[in-house]
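In what follows, a single structure is set out as structure tokens and then discussed.
Small disclaimer: the values here were computed from a predicted structure and weren't measured. Numbering of ligands and ligand atoms starts at 1, following listing order.
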Amino acid sequence: MRQTQSEAVFSALEAFRIELPSWGFANTGTRFGKFTQAAAASTLAEKLSDAGQVHALTGVCPTVALHVLWDLPNGLADVPEVEAGAKRYGVRAGSINPNLFQDQQYKHGSLGNPDADIRRAALAHILDSVEIGRRLDNRDISLWFADGSNYPGTQNMRRRKRWFAEALQAAHRQMDDAQRLLVEYKPFEPAFYHTDIADWGMALEFSRLAGPRAKVLVDTGHHYQSQNIEQIVAWLLDLDMLGGFHFNDRRYADDDLTLGSIDPYQIFRIFHEIRFFEWETGSRPDIAYMVDQSHNLKGKIEAMIQTVTTAQELWAKSALVDHRKLATAQERSELVDAENCLKDAFSTDVRPAIAEWSRSRGLPTDPLKAFRESGYLERITGERAERNAASVTTYA
Ligand code: RM4
Ligand code: MN
Ligand code: MN
């Protein structure tokens, strides 16, 4: 017998958790400057506190991704502070993101830098990050490299590829069995001629070279216009190489806009591929769902609540696809019927069922409203406004 729609939504939501990025609560901007917000978080404690609010209201964001340079500037020595802050604000440390792009020495790259000393420094930072992840008892080290070049002929792409492979192998050797390396790709920016890990094929090759616990991380904003991301997801699932996502939306490039704000059907199609895979194989892949967004115009906490709510809605809709019907229609090449399996699920209003689930878990049925009524924003605005007004906003 088929589950009722609300049963399907309930069991889908029970299995869905999404990680928040600490940097999504801080003042960020554009290439031309930062727009400061009075309520933005600038300390680790403030970021954990804000993330804790989103988790308290939605119930599905128990972990916070950390950027080592921004959140643990003293490396391992900051681990106790992270533990204490996480405990205090009701969250846990999430994926550990080494920062291999901000230091001046990385002007010509990190693991791909022609200077061996700089490559060694970059690897040392990754090895520290592996150790930080182990101490914080978190599974994933999430690697994104800005490495690349701006002008033809200026870098040896093959040599850089080999340096990357060697260093990723060394990082993999450092991990214990509970840890994973996630390898993120991005076609361009900040490098505008070549990027060392430019697409999912390169990330896949590096993951395979690194070792069995290295997987590919798909950031939804890191593709060329109109690329079929769900096909990439389907391939990675079939290869058992999909490690996680950085969710955001985009219209032009790596815009880091709110999930589902431009093309919610895209995210639905990605979720559908995952659920269809689970139905077909009877297995549940170990995928880290993470948000990677920068909210420089919207209120940061509100934007995060909106993101999480949208993710739940799209995930719940994807749970409504009738897989048996879809499989039959695909076998018979009944194109309209097959496509309608997706469209019917996508156009179902799942919000009442989600509200019902939230109520059953003792959570607010409208987290955004609950946030606005909580007084939290007024309190942090009062506490943080002066410091944020004094922070640097200039571009040049
Ligand atoms: C990059 C990429 C990384 C993120 C940095 C801040 O574009 O998406 O995941 O850590 O931005
Ligand atoms: Mn990302
Ligand atoms: Mn990005």
- Query: Backbone or side chain, does any N or O of Asn97 fall under 3.5 Å from an N or O of ligand 1?
  - Reply: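 Looking only at distances, the answer is no, because the N/O contact criterion of under 3.5 Å is not met.
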Atoms in ligand 1 with a heavy atom of [X] nearer than 4.0 Å:
| X | value |
| --- | --- |
| Asp254 | 7 (O) |
| Asp292 | 2 (C), 3 (C), 4 (C), 8 (O), 9 (O) |
| Asp219 | 8 (O) |
| His222 | 2 (C), 7 (O), 8 (O) |
| His246 | 9 (O) |

- Message: With side-chain hydrogen bond (donor to acceptor under 3.5 Å, both in side chains) as the test, pick out the partner of Ser149 among His108, Gln155, Arg160, His194.
- Response: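 Looking at His108, Gln155, Arg160, His194, the match for Ser149 under the side-chain hydrogen bond (donor to acceptor under 3.5 Å, both in side chains) is His194.
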Can [X] and [Y] be counted as an ion pair, charged N to O under 4.0 angstrom?
| X | Y | answer |
| --- | --- | --- |
| Arg120 | Asp117 | yes |
| Asp219 | Lys186 | no |
| Arg387 | Glu46 | yes |
| Lys300 | Asp50 | no |
| Glu14 | Arg361 | yes |
| Arg135 | Glu131 | yes |

- Among protein heavy atoms, which sits nearest to atom 5 (C) of ligand 1, and what does the distance come to when rounded to 0.1 Å?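 Protein heavy atom with the smallest distance to atom 5 (C) of ligand 1: Trp144 CE3, 3.9 Å.
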- Item | Count of N, O or S atoms belonging to protein, less than 2.8 Å from the Mn ion (ligand 2) |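 N, O or S atoms of the protein closer than 2.8 Å: 4.
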- Is Arg275 positioned over the aromatic face of Trp315, cation under 6.0 angstrom from the ring centre and no more than 45 degrees off axis?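 The answer is yes, since Arg275 meets both limits relative to Trp315.
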- Hey, is His67 one of the residues with a heavy atom under 4.0 angstrom from ligand 1?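 Contact present.
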- Leu259 pairs by side chain to side chain contact (heavy atoms under 4.5 Å, CB included) with which of Thr309, Asn248, Ile267, Asp249?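 The passing option is Ile267.
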- Query: Is it true that the side chains of Gln293 and His295 contain a donor and an acceptor less than 3.5 Å apart?
  - Reply: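 There is such a pair (donor and acceptor under 3.5 Å, judged by atom type) between the side chains of Gln293 and His295.
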